[in-house]
Structures are given as structure tokens and as C-alpha cells.
Amino acid sequence: MSLKTLAAALLLAALPAFGQTSDDTLYRQLGGQDGLVRLMDDFMQRLLADRRMQPFFKDVNQQHVKEQLVAQFCEVSGGPCKLNGPDMKRVHENLDIARADFNALVEVLQLAMDAQGIPFGAQNRLLAQLAPMHRDIVNVK
Ligand code: HEM
């Protein structure tokens, strides 16, 4: 085998690794697709049972919101998904969401993640991805 052929063979062998652009560790710690579906089912139940969150979620298309959240959490955790939907500012713009509401939702999400046995470090890494979104979501004082 010539040096050129060898170099080409090595490059081809390495291609799948190049294609893997993102680290999916967090996605796997969240339980992958099945884990995220379970997490969102439980999260939505908890949102509806929480007197602070219930007014926001009781009349929405809960199935749709869960599916969008699964896609979004999959994407931000390095999984093989892309959220297709309006941006976070548009989704939440008519909802009058205060910082306290945002914090309450995060608290409920933490309880849901605990219930799924998601490791604390993974929870924190996910929350670190979501936290900056408050700038687009919180829209009242
Ligand atoms: C990091 C925090 C949050 C994230 C990542 C998030 C993400 C999302 C996503 C992906 C959707 C579905 C959008 C679509 O239909 O395509 C959604 C919808 C919704 N979110 Fe959030 N959200 C967050 C915080 C909040 C907070 C704090 C509230 C209120 C307390 C809230 C209330 C809602 C409601 C009511 C909908 C349904 C809107 C509708 O269908 O009319 N969200 N959110």
C-alpha cells in the first residue's frame, strides 16, 4: 500500500469520529429519548399539580408542549435532535412570566429530575444550558 493510499484509508476510518460533532454524555445521562419522554410526562403532571404553574399550563396543548420540550432538551444535551418551533421569546411573549415564575418552573423540573434518578451533576449541566433562556422568557417584573 502506498503512503497516499494509507493516508486515505486512515482518513476514511476516522470519518465517523469527525461526524460526531457534539458530546452526547448529558443526553445519555438524561436517559436518551425514552428517558426524556418519561421526564416530560412526569414534569407536566407536576406542573399541573403545582398551584403556581397550573394557571400557565392547564389550557395548553400539553402533548405538544411535552413533545417540543423533549426535542429541545435532546438538542441542548447533545442528542440527535433539533427543536423545530418558534423561538423562546415568541413562545412566551403573551404569557406574563415573572422571574419568580421562572424559578418555580426550574424548581418543579428539579423535582422531576430527582424522581427520574438523574445524577445531580447532569441536572446542573442541563440547568446551566437552560438558565440563560430567562432573558427571552421572563417578560414582566
Ligand atoms: C428554561 C425555561 C423554559 C424552557 C426551556 C421552555 C420551553 C418551552 C417550549 C420548548 C415550549 C413549546 C413551544 C412550542 O409550542 O413550540 C414552551 C411552551 C410553553 N411554555 Fe415554556 N419554557 C420555559 C419556561 C417557561 C416558564 C417559566 C413558563 C411559565 C411559568 C412557561 C410557560 C409555557 C407555556 C404556557 C407554554 C405553552 C404555550 C402555548 O402553547 O400557547 N415556560 N416552553
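Counting starts at 1 for both ligands and their atoms, following the listed order. Nothing here was measured: the structure is a model prediction, and the numbers come from that model.
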Taking [Y]'s backbone N and O only, do any of them form a donor-acceptor pair with [X]'s side chain (distance below 3.5 Å, no angle check)?
| X | Y | value |
| --- | --- | --- |
| Q116 | A112 | no |
| Y27 | F73 | no |
| D50 | L47 | no |
| Q29 | A122 | no |
| N139 | I97 | yes |

Can you tell me which residue and heavy atom of the protein come closest to [atom], and the distance to 0.1 Å?
| atom | result |
| --- | --- |
| atom 21 (Fe) of ligand 1 | H92 NE2, 2.1 Å |
| atom 12 (C) of ligand 1 | Q68 CB, 3.6 Å |
| atom 11 (C) of ligand 1 | V91 CG1, 4.1 Å |
| atom 35 (C) of ligand 1 | F56 O, 3.2 Å |
| atom 5 (C) of ligand 1 | Q72 OE1, 3.2 Å |
| atom 32 (C) of ligand 1 | F57 CZ, 3.3 Å |
| atom 27 (C) of ligand 1 | F102 CA, 3.5 Å |
| atom 23 (C) of ligand 1 | I137 CD1, 3.5 Å |

D24 to G78 - nearest heavy-atom pair and separation: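 Scanning both residues, the minimum pair turns out to be CB-O, 3.3 Å.
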Within a distance under 4.0 Å of any heavy atom of [X], pick out the atoms of ligand 1 and give their elements.
| X | answer |
| --- | --- |
| L130 | 1 (C) |
| M53 | 30 (C) |
| L69 | 7 (C), 8 (C), 9 (C), 10 (C) |
| I97 | 26 (C), 27 (C), 28 (C), 29 (C), 31 (C) |
| M133 | 5 (C) |
| V60 | 35 (C), 37 (C) |
| H64 | 14 (C), 15 (O), 16 (O) |
| V65 | 37 (C) |

Flag side-chain contact, heavy atom, 4.5 Å: [X] against [Y]:
| X | Y | result |
| --- | --- | --- |
| K66 | L69 | no |
| F57 | M44 | yes |
| K89 | I137 | no |
| F43 | L105 | yes |

No-hydrogen, no-angle side-chain donor-acceptor test under 3.5 Å, Q68 and Q72: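 Looking only at side-chain atoms, Q72 and Q68 do not form any donor-acceptor pair under 3.5 Å.
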field: Donor-acceptor side-chain pairing of Q123 and D114 below 3.5 angstrom
entry: yes
- prompt: Is the closest heavy atom of L95 to ligand 1 under 4.0 Å?
  reply: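 Yes, L95 has a heavy atom closer than 4.0 Å to ligand 1.
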- prompt: Closer than 4.0 angstrom: is that true for some heavy atom of M88 and an atom of ligand 1?
  reply: yes
query: At under 4.0 Å between heavy atoms, which part of P86 makes contact with ligand 1: side chain, backbone, both or neither?
result: side chain
